[in-house]
Amino acid sequence: MPTTSDFERMLRGVALRVTRPRLAVLSAVHDHPHADTDSIIGIVRSDLGEVSRQAVYDVLNALTSTGLVRRIEPAGSSARYEARVGDNHHHVVCRSCGAIADVDCAVGGTPCLTASDDHGFAIDEAEVIYWGLCPDCSTTPSADGAGTERAPRSARAGETSS
């Protein structure tokens with residue numbers, strides 16, 4: 001786990017001034033991967049006391065634009081932030097509770113970066129999001145206490161897949 005000195009070095013390394021809000025936000029993102037902005041604001045306020053929402057948004061923007069943190073936005077979810085940057089990893093999201101976990105790229109080179117038609121683009125990153133049910137949501141207790149598997153989203157009544 002990075003220390004305050006590590007965070008200071010990271011900020012200086014991307015030519016950002018070291019400030020208490022930047023240190024607190026960077027620490028919050030490292031300690032709470034995939035946290036949304038409201039959660040990060042709460043964590044920073046518990047650390048620093050009063051800090052404006054706008055200050056946290058500004059810090060997140062600066063950290064994202066310099067590559068110290070990554071912003072992800074799964075469909076139907078607010079923006080989330082993570083400190084795992086510089087590699088080609090993906091995410092799996094629970095359709096029921098919204099839990100998010102990292103998924104390393106498929107074994108081999110980077111098969112997800114080989115598009116069937118790149119339309120002339122020089123592709124250097126792919127954003128893949130896997131959707132499903134997390135272990136806690138994949139079974140629901142029945143009346144007799146036994147677990148029953150939940151049907152896949154496409155099979156549940158009233159829902160269509162895209």
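Numbering of residues begins at 1 and proceeds along the displayed sequence.
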Drop me the distance from [X]'s [atom1] to [Y]'s [atom2], to the nearest 0.5 angstrom.
X      : Y     : atom1 : atom2 : value
Gln54  : Ile41 : CD    : CD1   : 9.5 Å
Ser27  : Met1  : OG    : CE    : 7.5 Å
Asp36  : Arg80 : CG    : CZ    : 5.0 Å
Arg53  : Thr37 : CZ    : OG1   : 8.0 Å
Asp102 : His89 : CG    : NE2   : 4.0 Å
Leu60  : Tyr81 : CG    : OH    : 5.0 Å

Original post:
Parallel, tilted or perpendicular: which describes the rings of Phe7 and His30, with under 30° parallel and over 60° perpendicular?
Top reply: tilted

Within a strict 4.5 Å, meaning less than it, do heavy atoms of the [X] and [Y] side chains meet?
X      : Y      : result
Val103 : Val128 : no
Pro2   : Met10  : yes
Cys134 : Ser96  : no
Thr19  : Arg22  : yes
Val29  : Leu63  : no
His91  : Tyr130 : no
Val85  : Leu68  : no
Ile100 : Ile129 : no

Subject >> For Glu73, side chain to side chain donor-acceptor pair (under 3.5 Å) partners two or more places apart >> reply: Arg71

Subject >> Check ion pair Asp47-Arg20 (N to O, under 4.0 angstrom) >> reply: no

Original post:
Are Arg84 and Asp104 close enough for a salt bridge, meaning some N to O gap below 4.0 Å?
Top reply: yes

Verify same cluster id: [X], [Y] (apolar side-chain graph, 4.5 Å):
X     : Y     : answer
Val69 : Ile40 : yes
Val56 : Ile72 : no
Val18 : Val25 : yes
Ile43 : Tyr57 : no

Subject >> Polar side chain donor-acceptor pair, Asn61 to Thr64, under 3.5 angstrom >> reply: no

**OP:** Output yes when a side-chain donor or acceptor of Ser39 lies under 3.5 Å from a complementary backbone atom of Ala35, and no otherwise.
**Re:** no

Original post:
Do you know which two heavy atoms are closest between Trp131 and Ala75, and how far apart they sit?
Top reply: CH2-O, 3.4 Å

Original post:
His32 and His34: aromatic ring centres closer than 6.0 Å?
Top reply: no

